[in-house]
Amino acid sequence: MTAAVVFSSRTGNTRRLAECVRDALGGRCVYFGAPDAAALAADVVYVGFWTDKGTADEESAAFFPQLAGKTVRLFGTAGFGGSQAYFDAIAARVRGALGENCRVLDAFLCQGRMPAPVRARWAAALEKDPADARAKQMVENFDAALSHPDEADLAALRRWVEKGADGELSPESAP
(Lines give C-alpha, C1' and ligand atoms only; values in the text may rest on other atoms or scores of the structure.)
Protein backbone atom coordinates (compact mmCIF):
# COMPACT_ATOMS: atom_id res chain seq x y z
CA MET A 1 0.00 0.00 0.00
CA THR A 2 1.30 3.44 -0.91
CA ALA A 3 0.15 6.57 0.84
CA ALA A 4 0.14 10.31 0.29
CA VAL A 5 0.01 12.87 3.08
CA VAL A 6 -1.73 16.05 1.94
CA PHE A 7 -2.28 18.87 4.40
CA SER A 8 -3.09 22.49 4.97
CA SER A 9 -1.74 24.18 8.09
CA ARG A 10 -2.21 27.76 9.23
CA THR A 11 -0.48 27.68 12.62
CA GLY A 12 1.77 24.64 12.21
CA ASN A 13 -0.48 22.28 14.17
CA THR A 14 -1.70 20.24 11.23
CA ARG A 15 1.79 20.24 9.72
CA ARG A 16 3.05 18.68 12.95
CA LEU A 17 0.39 15.98 12.64
CA ALA A 18 1.24 15.47 8.96
CA GLU A 19 4.91 14.95 9.81
CA CYS A 20 3.91 12.37 12.42
CA VAL A 21 1.72 10.56 9.86
CA ARG A 22 4.54 10.59 7.30
CA ASP A 23 7.02 9.23 9.84
CA ALA A 24 4.62 6.49 10.95
CA LEU A 25 4.05 5.45 7.33
CA GLY A 26 7.77 5.13 6.65
CA GLY A 27 8.62 4.12 3.09
CA ARG A 28 4.96 3.81 2.12
CA CYS A 29 4.65 7.61 1.87
CA VAL A 30 5.07 8.60 -1.79
CA TYR A 31 3.87 12.21 -1.50
CA PHE A 32 4.04 14.75 1.34
CA GLY A 33 2.88 18.32 1.06
CA ALA A 34 0.19 20.78 0.12
CA PRO A 35 -2.87 19.62 -1.81
CA ASP A 36 -1.69 18.59 -5.25
CA ALA A 37 -2.80 16.16 -7.95
CA ALA A 38 0.52 14.29 -7.53
CA ALA A 39 -0.89 12.85 -4.29
CA LEU A 40 -3.60 11.02 -6.21
CA ALA A 41 -1.15 8.35 -7.41
CA ALA A 42 -1.15 6.82 -3.91
CA ASP A 43 -3.45 3.99 -2.84
CA VAL A 44 -4.57 5.91 0.26
CA VAL A 45 -4.60 9.68 0.67
CA TYR A 46 -4.22 11.00 4.21
CA VAL A 47 -5.86 14.42 4.17
CA GLY A 48 -4.94 16.83 6.96
CA PHE A 49 -6.94 19.97 7.63
CA TRP A 50 -7.40 22.62 10.27
CA THR A 51 -10.89 23.38 11.44
CA ASP A 52 -12.47 26.62 10.30
CA LYS A 53 -16.05 27.35 11.41
CA GLY A 54 -16.67 23.69 12.25
CA THR A 55 -15.37 22.09 9.06
CA ALA A 56 -12.24 21.75 6.93
CA ASP A 57 -10.34 24.89 5.96
CA GLU A 58 -10.85 26.40 2.53
CA GLU A 59 -7.61 25.11 0.96
CA SER A 60 -8.37 21.53 2.00
CA ALA A 61 -12.00 21.79 0.91
CA ALA A 62 -10.92 23.03 -2.53
CA PHE A 63 -8.93 19.80 -2.94
CA PHE A 64 -11.83 17.51 -2.05
CA PRO A 65 -13.32 17.23 -5.56
CA GLN A 66 -10.02 15.76 -6.80
CA LEU A 67 -10.40 12.90 -4.31
CA ALA A 68 -13.31 11.29 -6.16
CA GLY A 69 -12.87 7.53 -6.18
CA LYS A 70 -9.93 7.63 -3.74
CA THR A 71 -9.51 5.90 -0.40
CA VAL A 72 -9.08 8.59 2.25
CA ARG A 73 -8.12 8.85 5.90
CA LEU A 74 -8.78 12.24 7.48
CA PHE A 75 -6.77 13.93 10.22
CA GLY A 76 -6.87 17.39 11.62
CA THR A 77 -6.84 19.90 14.42
CA ALA A 78 -9.53 21.99 16.05
CA GLY A 79 -8.79 24.81 18.44
CA PHE A 80 -12.12 24.72 20.19
CA GLY A 81 -13.52 21.60 21.67
CA GLY A 82 -11.51 18.90 23.19
CA SER A 83 -14.41 16.49 23.40
CA GLN A 84 -14.64 13.45 21.16
CA ALA A 85 -18.25 14.36 20.32
CA TYR A 86 -17.09 17.72 18.92
CA PHE A 87 -14.33 16.06 16.89
CA ASP A 88 -16.77 13.44 15.58
CA ALA A 89 -19.16 16.18 14.44
CA ILE A 90 -16.36 17.93 12.54
CA ALA A 91 -15.29 14.64 10.93
CA ALA A 92 -18.88 13.95 9.86
CA ARG A 93 -19.17 17.38 8.20
CA VAL A 94 -15.87 16.87 6.39
CA ARG A 95 -16.87 13.37 5.26
CA GLY A 96 -20.06 14.85 3.85
CA ALA A 97 -18.08 17.46 1.92
CA LEU A 98 -15.91 14.80 0.27
CA GLY A 99 -18.76 13.34 -1.74
CA GLU A 100 -20.08 9.86 -2.23
CA ASN A 101 -17.30 8.58 -4.46
CA CYS A 102 -14.65 8.77 -1.73
CA ARG A 103 -14.00 5.79 0.48
CA VAL A 104 -13.39 7.48 3.82
CA LEU A 105 -11.90 4.93 6.17
CA ASP A 106 -11.78 6.97 9.38
CA ALA A 107 -10.69 10.23 10.96
CA PHE A 108 -8.38 11.46 13.71
CA LEU A 109 -8.79 14.90 15.25
CA CYS A 110 -7.17 16.55 18.21
CA GLN A 111 -7.02 19.98 19.74
CA GLY A 112 -4.57 22.52 18.36
CA ARG A 113 -3.34 25.87 19.54
CA MET A 114 -4.91 28.95 18.00
CA PRO A 115 -3.50 32.30 16.85
CA ALA A 116 -3.08 34.95 19.58
CA PRO A 117 -5.73 37.31 18.09
CA VAL A 118 -8.38 34.71 18.94
CA ARG A 119 -7.55 34.97 22.63
CA ALA A 120 -7.31 38.76 22.44
CA ARG A 121 -10.83 38.96 21.00
CA TRP A 122 -12.33 36.85 23.80
CA ALA A 123 -10.22 38.54 26.50
CA ALA A 124 -11.51 41.93 25.31
CA ALA A 125 -15.07 40.65 25.55
CA LEU A 126 -14.37 39.38 29.06
CA GLU A 127 -12.78 42.68 30.07
CA LYS A 128 -15.84 44.51 28.81
CA ASP A 129 -18.17 42.14 30.68
CA PRO A 130 -16.46 40.08 33.43
CA ALA A 131 -19.69 38.09 33.86
CA ASP A 132 -19.61 36.88 30.23
CA ALA A 133 -19.48 33.11 30.82
CA ARG A 134 -18.92 32.28 27.14
CA ALA A 135 -15.95 34.65 26.87
CA LYS A 136 -14.48 33.17 30.05
CA GLN A 137 -14.91 29.66 28.68
CA MET A 138 -13.28 30.65 25.36
CA VAL A 139 -10.25 32.20 27.09
CA GLU A 140 -9.87 29.07 29.23
CA ASN A 141 -10.16 26.85 26.14
CA PHE A 142 -7.58 28.95 24.31
CA ASP A 143 -5.15 28.60 27.22
CA ALA A 144 -5.76 24.84 27.45
CA ALA A 145 -5.09 24.47 23.71
CA LEU A 146 -1.67 26.15 23.86
CA SER A 147 0.21 22.88 24.37
CA HIS A 148 -1.60 20.98 21.61
CA PRO A 149 -0.93 18.93 19.68
CA ASP A 150 1.10 17.48 22.53
CA GLU A 151 3.06 14.23 22.88
CA ALA A 152 -0.07 12.31 23.94
CA ASP A 153 -1.87 13.56 20.80
CA LEU A 154 1.06 12.49 18.60
CA ALA A 155 1.27 9.06 20.26
CA ALA A 156 -2.45 8.54 19.65
CA LEU A 157 -2.00 9.65 16.04
CA ARG A 158 0.87 7.17 15.51
CA ARG A 159 -1.33 4.35 16.85
CA TRP A 160 -4.13 5.47 14.52
CA VAL A 161 -1.83 5.43 11.50
CA GLU A 162 -0.37 2.05 12.41
CA LYS A 163 -3.84 0.59 12.92
CA GLY A 164 -4.84 1.38 9.35
CA ALA A 165 -1.56 1.50 7.46
CA ASP A 166 -1.51 -2.22 6.79
CA GLY A 167 -4.89 -2.14 5.12
CA GLU A 168 -6.76 -3.69 8.04
CA LEU A 169 -9.41 -0.98 7.92
CA SER A 170 -12.23 -1.06 5.46
CA PRO A 171 -15.05 1.45 5.09
CA GLU A 172 -17.34 -1.11 6.72
CA SER A 173 -15.15 -1.62 9.80
CA ALA A 174 -14.02 1.96 10.33
CA PRO A 175 -15.44 3.82 13.31
Side-chain angles (χ1 to χ4, degrees), residues 1-79 81-113 148-175:
M1 177 214 60
T2 60
V5 179
V6 175
F7 65 94
S8 171
S9 186
R10 181 175 170 196
T11 61
N13 297 331
T14 307
R15 179 177 195 63
R16 189 167 181 207
L17 295 185
E19 290 167 348
C20 180
V21 170
R22 178 195 59 203
D23 294 348
L25 288 167
R28 293 177 261 205
C29 185
V30 296
Y31 176 86
F32 177 83
D36 189 282
L40 304 176
D43 299 319
V44 178
V45 181
Y46 286 74
V47 179
F49 61 91
W50 55 275
T51 302
D52 186 21
K53 299 175 191 84
T55 192
D57 65 275
E58 196 173 299
E59 181 181 5
S60 296
F63 183 65
F64 291 168
Q66 294 182 52
L67 295 167
K70 297 303 296 179
T71 299
V72 175
R73 294 187 84 195
L74 299 169
F75 67 94
T77 57
S83 76
Q84 192 57 50
Y86 179 68
F87 295 146
D88 291 346
I90 293 167
R93 282 190 288 278
V94 173
R95 277 187 181 109
L98 285 169
E100 295 179 23
N101 292 335
C102 281
R103 293 183 46 222
V104 181
L105 298 181
D106 57 354
F108 176 93
L109 276 92
C110 69
Q111 194 167 26
R113 72 184 174 283
H148 292 274
D150 61 17
E151 288 306 315
D153 296 326
L154 297 177
L157 178 60
R158 279 189 289 279
R159 287 190 301 274
W160 175 80
V161 171
E162 291 164 0
K163 175 184 172 191
D166 292 323
E168 64 191 55
L169 284 178
S170 69
E172 294 77 34
S173 68

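We number each residue from 1, following the sequence as shown.
- Annotation for A42 and A4: closest pair CB-N, 3.4 Å, computed over non-hydrogen atoms.
- Contact of the T55 side chain with the F49 side chain is not registered, since no non-hydrogen atoms from C-beta on lie closer than 4.5 Å.
- Partners of A41 by side chain to side chain contact (heavy atoms under 4.5 Å, CB included), not counting sequence neighbours: none found.
- A3 pairs by the side chain to side chain contact (heavy atoms under 4.5 Å, CB included) definition with M1, L25, Y46, not counting sequence neighbours.
- At least one side-chain heavy atom of N13 sits under 4.5 Å from a side-chain heavy atom of R113.
- Listed by first and then second residue, the ring-ring contact (aromatic ring centres under 6.0 Å, His included) pairs that reach into residues 6-33 are F7-F32, sequence neighbours excluded.
- Using a 4.5 Å heavy-atom threshold, the side chains of F64 and V47 count as touching.
- Shown here for A39 and V6, the closest heavy-atom pair between the two residues is CB-CG2, 3.3 Å.
- Not counting sequence neighbours, the partners of D88 by the side-chain hydrogen bond (donor to acceptor under 3.5 Å, both in side chains) test are Q84.
- Put simply, the side chain of D23 never gets that close to the backbone of C20: no donor and acceptor are under 3.5 Å apart.
- Applying the side chain to side chain contact (heavy atoms under 4.5 Å, CB included) test to A91 and every residue at least two apart in sequence or in another chain returns R95, A107, L109.
- The OG1 atom of T77 sits 10.5 Å away from the CZ atom of F108 when rounded to the nearest 0.5 Å.
- Looking at every heavy atom in both residues, C110 comes nearest to F87 through C-CZ, 3.6 Å.
- Q111 contributes a side-chain N or O that, together with a main-chain N or O of G79, makes up a donor-acceptor pair within less than 3.5 Å.
- Residue pairs satisfying the salt bridge (Lys or Arg N to Asp or Glu O under 4.0 Å) criterion with at least one member in residues 42-69, sequence neighbours excluded, are absent.
- For T71, the side-chain hydrogen bond (donor to acceptor under 3.5 Å, both in side chains) partners at least two apart in sequence or on another chain are R103.
- At least one side-chain heavy atom of P149 sits under 4.5 Å from a side-chain heavy atom of L17.
- In terms of heavy-atom proximity, I90 sits nearest to A78 at CD1-CB, 3.8 Å.
- Side-chain contact between L98 and L74: present, with at least one pair of heavy atoms (C-beta onward) separated by less than 4.5 Å.
- In this structure, the side chains of L157 and V21 come closer than 4.5 Å at one or more pairs of heavy atoms.
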Worksheet item: Checking side-chain contact (heavy atoms from CB on, under 4.5 Å) for the pair V161/R158: CA distance, chi angles, key distance, verdict?
Response: CA-CA 5 Å; V161 171; R158 279 189 289 279; 5.8 Å; no
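- A donor-acceptor pair under 3.5 Å is formed between the side chain of D150 and the backbone N or O of D153.
- With sequence neighbours excluded, no residue forms a side-chain hydrogen bond (donor to acceptor under 3.5 Å, both in side chains) with R22.
- The two residues V72 and C102 have their closest heavy-atom pair at CG2-SG, 4.3 Å.
- Scored by the side chain to side chain contact (heavy atoms under 4.5 Å, CB included) test, A37 finds L40, Q66 as partners (sequence neighbours excluded).
- Residue pairs meeting the salt bridge (Lys or Arg N to Asp or Glu O under 4.0 Å) criterion with at least one member in residues 9-18, sequence neighbours excluded: R15-E19, R16-E151.
- Among residues two or more places apart in sequence or in another chain, the side-chain hydrogen bond (donor to acceptor under 3.5 Å, both in side chains) test is passed with T51 by none.
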